[in-house]
Amino acid sequence: MGSRFVSTMASLLFMAMVLESAIAQLSTNHYAASCPGGKAKVAEVVNTWIENDRTLAPSLLRMHFHDCFVRGCEASVLLDVPNGEKFAFGNRNSLRGFEVIDDIKAELEVLCPGVFSCADIIALAARDAMVAFGVPGLNWNVPLGRRDGNVSSAAEANSNLPPPSANFDSLKTLFAGKGFNVREMVVLSGSHTIGVAHCRTIQSRLYNFSSTEATDPALRKSFARSLKRQCPFGDTTTVIKMDQSTTIDKWNREYFENVLDGKSLFISDNALRTTFQGRHIVDEMEEHDSPFTSEFAAAMSKMSQIGVLTGSQGQIRTNCRLVN
Ligand code: HEM
């Protein structure tokens, strides 16, 4: 056995132990003694908001994704600091639901002051929002005990969050960097079956695609015409549904059908059908007995554990927008 092999195995083992210990410190019982009513309070507040405004459910799901992909799930996305993550391309004038988190935090500070982290609130709120949205069979375990980070940087968010112009290889690299394989990446992209996008995110795809093509030829012609009616040239602010195949915002496998049909909004959505590997998975997710929802749930539970701070790392913020 070569010494290189031994040292590689030793470092792999060490990495596995570090990962294991981070995960081991999260537990579904984390607040059982310190804040017994906490989890139920999160669900209660989320339910009230979503009863009033169903569109907040996809927004809370996306907030969790944008939190976890930048420095891990440690609520850096919530910090109101100059040049913080809120100013990143993917977040500015786009990410929403912050007032829901503030509301939950205010209730929890009454119930059990200084105990419940903002990072755990985001993770629970995303799950509870999807349950409240009414997705049959969609639920996942959210182990708790995350602590809150102290740093938030727009530049970091810009380099860690995938842009809608991303091709297959750059998506694959970004997701691999967070521990996800291609299958999980395709499955997670299926969340674009719900929610909305601003016209600015597809302007270049519709009107300024390349030096030879004004409109992305990967878009089905009739679909491109329909998008142009909804998003005229120069329109940056109108909001349109991401799954254009129905008027009701409903969780289903239609996203994958849209990807296959050239009816997905972003270059990044379309990218999933541009390689043999990606296309094969999209095909499977589109089938009648699609494992989409159950695999999505598993991938979300995994996402909720990316780079968490535990033990004595970070802090428990009193106000989710500010470092203590
Ligand atoms: C694969 C790479 C991804 C890219 C390039 C991407 C990009 C985008 C963009 C550009 C928007 C529209 C934002 C706006 O115009 O305001 C959006 C919306 C959304 N994304 Fe993604 N996304 C990706 C993956 C994901 C993942 C992994 C999730 C969750 C697990 C997710 C959940 C959502 C949701 C739910 C919305 C709708 C938000 C709302 O209605 O407020 N996305 N995404």
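Counting starts at 1 for both ligands and their atoms, following the listed order. Everything numeric here is computed off the predicted structure, so don't read it as measured data.
- Between atom 11 (C) of ligand 1 and the options F69, F175, F266, the minimum heavy-atom separation is to F266.
- Counting atoms of ligand 1 from 1 in the listed order, those under 4.0 Å from a heavy atom of P164 are 5 (C), 10 (C).
- The option from S59, A299, A129 that lies nearest to atom 41 (O) of ligand 1, judged by heavy atoms, is S59.
- Each of E74, R62, M303 was evaluated against D67; a single residue qualifies, E74, per the side chain to side chain contact (heavy atoms under 4.5 Å, CB included) test.
- Below 30°, between 30° and 60°, or above 60°: for F65 and F69 the angle between ring planes is above 60°, a perpendicular geometry.
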Please test R200 against N93 for side-chain contact (heavy atoms from CB on, under 4.5 Å), starting from the C-alpha separation and ending with a verdict. CA-CA 11 Å; R200 65 169 175 272; N93 298 326; 3.9 Å; yes
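- Of the N and O atoms on the side chains of S264 and N258, not one donor lies less than 3.5 Å from an acceptor on the other residue.
- Other residues sharing the hydrophobic cluster of V110, ordered by chain and number and joined by side-chain separations under 4.5 Å: none, the residue standing alone.
- Residue pairs meeting the side-chain hydrogen bond (donor to acceptor under 3.5 Å, both in side chains) criterion with at least one partner in residues 117-146, sequence neighbours excluded, are Y31-D120, S117-D120, D120-R146, R146-S304.
- Neighbouring protein atoms of atom 21 (Fe) of ligand 1 (N, O or S, distance under 2.8 Å, waters ignored): H192 NE2.
- Looking at heavy atoms from C-beta onward, Y207 lies in side-chain contact with K228 at the 4.5 angstrom threshold.
- Set against the non-hydrogen atoms of L171, the atoms of ligand 1 under 4.0 Å away are 1 (C), 2 (C).
- Considering both main-chain and side-chain atoms, T55 never comes within under 3.5 Å of ligand 1 through any nitrogen or oxygen pair.
- Pairs engaging residues 303-323 under the salt bridge (charged side-chain N to carboxylate O under 4.0 Å, His left out) rule: D80-R321, D102-R321 [sequence neighbours left out].
- A salt bridge links E295 with R183: at least one charged nitrogen is closer than 4.0 Å to a carboxylate oxygen.
- Remark: ligand 1 atoms within the under-4.0 Å shell around heavy atoms of A197 are 12 (C), 14 (C), 15 (O).
- Closest to atom 35 (C) of ligand 1, if we only count protein heavy atoms, is P58 O, 3.2 Å.
- Considering backbone and side-chain atoms together, H198 places an N or O closer than 3.5 Å to an N or O of ligand 1.
- The contact set between ligand 1 and T201, taken as ligand atoms under 4.0 Å from a residue heavy atom, comprises 10 (C), 15 (O).
- Of all atoms in ligand 1, listed by their number and element, those nearer than 4.0 Å to a heavy atom of M300 are 30 (C).
- Within ligand 1, the atoms closer than 4.0 Å to a non-hydrogen atom of P162 are 2 (C), 3 (C), 4 (C), 5 (C), numbered from 1 in the order shown.
- Here M130 contributes atom CE and I194 contributes atom CD1; the two are 3.5 Å apart, rounded to the nearest 0.5 Å.
- For atom 5 (C) of ligand 1, the candidate residues are A126, S94, A166, P163; the nearest heavy-atom contact is made by P163.
- No donor-acceptor pair closer than 3.5 Å links the side chain of D235 to the backbone N or O of C231.
- In this structure, a donor-acceptor pair under 3.5 Å is absent between the side chains of S153 and R71.
- For the pair R96 and ligand 1, the shortest N or O to N or O distance does not fall below 3.5 Å.
- Cluster membership check: V81 does not share its hydrophobic cluster with V77, using side-chain heavy-atom separations under 4.5 Å among Ile, Leu, Val, Met, Phe, Trp and Tyr.
- In this structure, M242 counts as a contact residue of ligand 1, since one of its heavy atoms falls inside 4.0 Å of the ligand.
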Using the side-chain contact (heavy atoms from CB on, under 4.5 Å) rule, take Y255 and E286 through it: C-alpha gap first, then chi angles, then the decisive distance, then the call. CA-CA 8 Å; Y255 167 80; E286 190 268 333; over 6 Å; no
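- Looking at atom 40 (O) of ligand 1, its nearest protein heavy atom turns out to be V196 N, 2.9 Å.
- Residue-ligand proximity: H64 is placed with every non-hydrogen atom at 4.0 Å or more from ligand 1.
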